[in-house]
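What follows is a short report on a single structure.
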Protein chains: 2
Amino acid sequence: MEEQKVIRSLSALAQEIRLRVFRALVVAGPDGMTPGALGDALDIAPTTLSFHLKELSQAGLIEPTREGRHLIYRADYAQMNALLGYLTENCCRGASCAEPVAPVCKTC
Amino acid sequence: MEEQKVIRSLSALAQEIRLRVFRALVVAGPDGMTPGALGDALDIAPTTLSFHLKELSQAGLIEPTREGRHLIYRADYAQMNALLGYLTENCCRGASCAEPVAPVCKTC
DNA sequence: TTAATAATTCAAGTATTATTGAATTATGGA
DNA sequence: TCCATAATTCAATAATACTTGAATTATTAA
């Protein structure tokens, strides 16, 4: 994972609404959630939510697919795992360190 | 780890200079590095570096100790591990998921 | 085709963050 | 004590990010 993508992902998660949205989608798992459901659950105005969903999408942390008149957003677990991996690489000059972090969720 | 501290830590890491500084300190391990050494290694102006070191310190990701006329900054591995743990909790409704992430470095 | 629903984009104003030179604090050595 | 070194804080400017109402796009049902 390249530095700019890491920064983009960290920036995306470093904001209250986006962190809550992302975590809600992580909890939701493969079912995902629509913007409407997220807005109801987290009490966020549609325009504001849309702005933050775009930020998370552009960072590659979530992805929307259309189903009829709904969009369904899902967390991208591979991207999440890659981000964690980057942050844990190279520590203490590579010696005596734990392996790169295990995948967050093996089944999702 | 509480939400506001997570956001503060993510914000601290979501910036090119700070991400590089933090990673340099993670690599340096227990020896740590002085602002002078970091500035030389990463080519950052003293005032700018000082601003970013403060951000990382206030987020709890690094900590300075004075030795003579030098300050030595070191990464806080416990804080780092707590942050990774937060991001990996509660996924997929707790079912069939990997354990919370192992510590980044068992020896530092 | 018209109306209703789901969600987005646009544009504006507001707020937060980053950079830099100059001034300041702290320490150690001559 | 006085000077040099190490690093920080201050203040001003520049750049980014956040929020919101109004307008727009896309889809489905009547």
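Any value given below was found using the heavy atoms of this structure, including those in side chains, with hydrogens, waters and symmetry copies removed. Naming: A, B, ... by sequence-line order, numbering from 1 per chain. Fair warning: this is a prediction, and the values are worked out from it, not measured in the lab.
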**OP:** Can you measure from CG (Leu42(A)) to CD1 (Ile17(A)) and round to the nearest 0.5 angstrom?
**Re:** 9.0 Å
Original post:
How far apart are the C-alpha atoms of Asp76(A) and Ile62(A), what are their side-chain angles, what is the distance that settles it, and do they pass the side chain to side chain contact (heavy atoms under 4.5 Å, CB included) test?
Top reply: CA-CA 5 Å; Asp76(A) 184 327; Ile62(A) 64 174; over 6 Å; no
Original post:
Rounded to whole angstrom units, what separation is found between the CD atom of Glu16(B) and the C1' atom of dA18(C)?
Top reply: 13 Å
Subject >> Distance test, side-chain N/O of Tyr73(B) to OP1/OP2 of dT8(D), below 4.0 Å >> reply: yes
**OP:** Rounded off to whole Å, could you give me the NZ-to-C1' distance for the Lys54(B) and dA18(C) pair?
**Re:** 14 Å
Original post:
Excluding sequence neighbours, so at least two apart, what forms side chain to side chain donor-acceptor pair (under 3.5 Å) with Arg69(B)?
Top reply: none
Subject >> No-hydrogen, no-angle side-chain donor-acceptor test under 3.5 Å, Gln4(A) and Glu16(B) >> reply: yes
So which protein nitrogen or oxygen atoms get under 3.5 Å of nucleotides 27-30 of chain C's nitrogens or oxygens?
from    : atom 1 : to       : atom 2 : distance (Å)
dG28(C) : O4'    : Arg69(B) : NH2    : 3.1

Give me the distances for all protein-to-nucleotides 14-20 of chain D N/O pairs that come in under 3.5 Å?
from    : atom 1 : to       : atom 2 : distance (Å)
dC18(D) : OP1    : Arg18(A) : NH2    : 3.2
dC18(D) : OP2    : Arg18(A) : NH1    : 3.1
dT19(D) : OP2    : His52(A) : NE2    : 2.5
dT20(D) : OP2    : Thr48(A) : OG1    : 3.4

Original post:
NA contact type, Pro46(A), heavy-atom cut-off 4.0 Å: base, sugar-phosphate, or nothing?
Top reply: base
Original post:
Does a donor on one side chain and an acceptor on the other come within less than 3.5 Å for Ser57(B) and Glu63(B)?
Top reply: no
Original post:
Taking all non-hydrogen atoms of both residues, which atom of Ile72(B) and which atom of Thr34(B) are closest, and how far apart?
Top reply: CG1-CG2, 4.3 Å
Original post:
What's the verdict on side chain to side chain contact (heavy atoms under 4.5 Å, CB included) for Leu25(A) and Leu61(A), showing C-alpha distance, side-chain angles and the deciding distance?
Top reply: CA-CA 10 Å; Leu25(A) 292 178; Leu61(A) 289 166; over 6 Å; no
Original post:
Salt bridge check: are Arg20(A) and Glu3(B) linked by an N-O gap of less than 4.0 Å?
Top reply: yes
